[in-house]
Each structure stands twice: as structure tokens, then as C-alpha cells.
Amino acid sequence: METKLDIVVIGTIIKETIQFPNKTLGPVLGSPAAYASLVMAAQGKKVGLVTYYGKDMENVISELDVLNRDGVMPYDFTTTNLLVYREDGTKYVEYQKASPNITFADIRPEYLGVDYFKICPMNYEVELDVVERLHQMGKTVFVDLGGYGGATSDIRYSVIEPYGKMVIDTLCANSTIIKASAEDMFSIMDGGTPEDAADYLVRAGAKNLVITLGERGVLYKEGDSEIQYISPFTARSEIEDGSLDFTGAGDSFGAGFMSSYIVHQNMRKAVINGNATASLVIQKSGGCTLKRMPSSERVRRRIETDE
């Protein structure tokens, strides 16, 4: 009998070219869904993935063989983009091709028996109905706002616009945990501090929230408790030139967070696990590959000894 999955990830995988200030990488496998799935699999979780992909990704799709791929849907092509990092570390995305939106009907019936879902689109492609219906079913729903007006979105609708407000308010009201980066929230809120953003998300109905702050660590709020802050772990480069590769850092944090939350249902432990996971991922380069992702034992060692 097939072992039940721990979590289902929903979001499109992408064929991505990454342009840094001093080099270009790709095309490679990318996207929050791809990074999140492989990070959680590396930490021992049984992961199902709902996404589209095309024959133009056949040479790298084997990276996903560690997952349950029953929910991976073939299409004429894979969503294709250019990810550009600016000198200040911020980024923007240019899309060349996009596969169809993901609807609730695209989720395989057997996946609906799973308790945990991670929603992480690139560019609004996971329809809001997916989040609403999973919430109505009593699922634990983790939503990453990066693809709903944040850093990976092409056209970024902020909450001062009717559509942007509707999207964020709907997500807040129908999610168990909302996750974003400070960069995401600056875009979604049309300015302001992460604390301002947290206040808006709570007023919109967010029950629990996590905002990554880069070098400042993480802000999180659980239920009616006050905002808490946790510092990041120190990353030690294993890259030849001594640099750190921040591609996938936020997605790795979110995946490390959920790997812990599935087990403990404890926000603080989950944030710490996410921080440690991200610190280990950025020490290596090589894109979205399983060998780049740290095991649960490696993450535990960093948490306990900072090694």
C-alpha cells in the first residue's frame, strides 16, 4: 500500500535563466514549488506536487523523481522566465511563456486526503478558489505571497488597488499560515515596514504569519500573541569564489518551516528550522537540485551547534 503523503505543494515549476550582476546561469529548473518540494523531500518528507511541465524540461524533470509525481501534468511547454538580480540584491522576473493556471480540479482526488498544503505560485497562477476550498475542507494551508504580488510576480497588484486587496484579503481569510519576504510586502503594501505589513495581514484575517527580513532574520506572529523576532544563522560559503547564492533562499526557508511544522505544529521551532535550512542552502550553488538541499540531520546540527 502506498505511504500517505505528508504534504502537497501547488505551484508551477519553471524553466529559468538567472542573471546575476556578474554571471548568468541556466536555463535551470526553478520556482518556489520546485525548491520547496526538493527541500522538504531532502528533510525526509513525502511530498506530492501539483504543477504543469513541458517536453522542454525533460532533461531536468528527473530531479523531481524523489517526489510523488502523480499530480505533475504535461503541457506543450514549461513556464519560462528570466530572473534578474540587481546589484542591491533585489530581483525582478520577466516571463516569456506561461503554462495554464492551476485550479482545484487539477488536484488529484487522492491528494485531497493529505492534511498539509503549501501554496507557492510564481505569478498568480494558483487560483484563489484552490486556497478557499482547501480551507473549507479543514486543511492546514501555508500560502507564500511572493507569487501573489510579491517578488516573483510580473505585474504586482498592491492592496491599494481593488484587485490586489481582494487577492490578499482572500488569502489571509483562508490560510493557516501566511509567509512573505520584506521585499514581497514592500511591493504588496506599496511601501511601509514589515511591521506595518504584519498589522495589515492580521486585520485581513491572517491567523499566523511569517515575514523573512534578510540579514535581520525573521518576524513571526502566532494567533493573538505579540510579534516575535528570530535572528538568522551564519552562512559559511562552500562556493569557490566565497560568495553566497541567495537563489531559492526564501523558498528554502518556507520549506524548512513546513518540514518542522508538520511534525511539531510549533511556530517558533518551525521558524528556527526554516532559518537553519536557508542558511545551509545559500552556502552552495548549483540551482534547484536535490544535492544542494540539506538533510534534517544536517539542519539539526546547525541548530544545535551552529556548525
Side-chain angles (χ1 to χ4, degrees), residues 5-13 31-33 36-37 47-52 70-73 79 98-150 152-180 184-185 187-189 197-211 221-224 251 254-255 257-258 261-262 265 267:
L5 298 176
D6 296 307
I7 189 167
V8 172
V9 175
I10 304 178
T12 191
I13 63 170
S31 86
S37 297
V47 183
L49 176 63
V50 180
T51 192
Y52 283 96
D70 292 346
V72 176
M73 301 170 286
T79 296
S99 56
N101 282 358
I102 298 172
T103 69
F104 186 80
D106 292 325
I107 304 174
R108 294 182 65 86
E110 58 267 32
Y111 280 6
L112 295 177
V114 178
D115 295 327
Y116 294 89
F117 288 79
K118 190 173 190 299
I119 313 299
C120 43
M122 283 291 297
N123 191 34
Y124 296 95
E125 79 277 5
V126 180
E127 296 192 357
L128 298 181
D129 180 60
V130 172
V131 180
E132 291 177 300
R133 293 183 67 175
L134 290 173
H135 173 73
Q136 291 166 5
M137 294 175 69
K139 306 301 182 181
T140 296
V141 185
F142 176 106
V143 176
D144 192 322
L145 297 184
Y148 288 113
T152 66
S153 303
D154 183 10
I155 300 174
R156 302 181 181 185
Y157 295 98
S158 75
V159 295
I160 67 171
E161 301 165 279
Y163 180 75
K165 177 176 171 55
M166 182 275 294
V167 168
I168 299 304
D169 288 3
T170 299
L171 294 171
C172 286
N174 292 279
S175 303
T176 311
I177 301 165
I178 289 285
K179 182 265 175 185
D184 294 332
M185 293 314 306
S187 170
I188 291 169
M189 297 301 300
D199 182 62
Y200 178 92
L201 296 176
V202 169
R203 285 187 283 109
K207 303 168 188 66
N208 306 288
L209 62 91
V210 182
I211 301 177
K221 188 176 187 304
E222 183 173 15
D224 295 329
D251 305 322
F257 178 101
M258 283 307 295
Y261 193 84
I262 288 169
Q265 290 81 50
M267 289 279 289

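Numbers here simply count residues along the sequence, with the first being 1.
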Go through the steps to decide whether Met189 and Val159 satisfy the test side chain to side chain contact (heavy atoms under 4.5 Å, CB included), and finish with yes or no. CA-CA 6 Å; Met189 297 301 300; Val159 295; 3.9 Å; yes
Could you go through Phe257 and Phe142, starting from their C-alpha distance and side-chain angles, then the distance that decides it, and tell me whether this counts as side chain to side chain contact (heavy atoms under 4.5 Å, CB included)? CA-CA 10 Å; Phe257 178 101; Phe142 176 106; 3.8 Å; yes
Take Ile119 and Leu171 through the test side chain to side chain contact (heavy atoms under 4.5 Å, CB included) and record every step on the way to the result. CA-CA 10 Å; Ile119 313 299; Leu171 294 171; over 6 Å; no
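The closest side-chain heavy-atom distance from Met122 to Pro32 is below 4.5 Å. You'll find the side chain of Val143 reaches within 4.5 Å of the side chain of Tyr148, heavy atoms only.
No donor-acceptor distance shorter than 3.5 angstrom exists from the side chain of Thr79 to the backbone of Ala98, with no hydrogens or angles considered. A donor-acceptor pair is defined here as one N or O able to donate and one able to accept, closer than 3.5 Å; such a pair exists between the side chain of Thr51 and the backbone of Gly11. No donor-acceptor pair under 3.5 Å is formed between the side chain of Asp169 and the backbone N or O of Ala204. The backbone N or O of Gly146 lies less than 3.5 Å from a partner atom in the side chain of Ser153, making a donor-acceptor pair. In this structure, the side chain of Lys165 does not engage the main chain of Val167 through any donor-acceptor pair within 3.5 Å.
Applying the side-chain hydrogen bond (donor to acceptor under 3.5 Å, both in side chains) rule to Asn123 yields no partners; only residues at least two apart in sequence or on another chain are considered. Partners of Ala255 according to the side chain to side chain contact (heavy atoms under 4.5 Å, CB included) rule, which considers only residues two or more places apart in sequence or in another chain, are Ala36, Val39, Met40. For Asp154, the side-chain hydrogen bond (donor to acceptor under 3.5 Å, both in side chains) criterion is met by no residue, not counting sequence neighbours. Residues that satisfy the ring pair (Phe, Tyr, Trp, His ring centres under 6.0 Å) test with Tyr52, not counting sequence neighbours, are Tyr75.
To the nearest 0.5 Å, atom CG of residue Asp115 and atom CG of residue Leu5 are 11.0 Å apart. With values rounded to the nearest 0.5 angstrom, Ile168 atom CD1 is found 6.5 Å from Met185 atom CE. A distance of 11.5 Å separates CG of Asp184 from CD1 of Ile178, quoted to the nearest 0.5 Å. Separating the CE atom in Met267 from the CD1 atom in Ile177 is a distance of 5.5 Å, to the nearest 0.5 Å. Between the NZ atom in Lys179 and the SG atom in Cys120 there is a gap of 9.5 Å [rounded to 0.5 Å]. Asp251 contributes atom CG, which lies 8.0 Å from atom OG1 of Thr152 (distance to the nearest 0.5 angstrom).
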Without placing hydrogens or testing angles, list every side-chain donor-acceptor pair under 3.5 Å for residues 126-137, not counting sequence neighbours.
none

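Residues Leu49 and Ser37 share a closest heavy-atom pair of CD1-OG, 3.7 Å. When all heavy atoms of Gly149 and Ser187 are compared, the closest pair comes out as O-OG, 2.8 Å. Minimum interatomic distance between Lys139 and Leu112 (heavy atoms only, all atoms of both residues): NZ-O, 2.7 Å. Pairing each heavy atom of Lys207 with each of Thr176, the nearest pair is CB-O, 4.0 Å.
Residue pairs meeting the ring pair (Phe, Tyr, Trp, His ring centres under 6.0 Å) criterion with at least one partner in residues 106-131, sequence neighbours excluded, are Tyr124-Tyr157.
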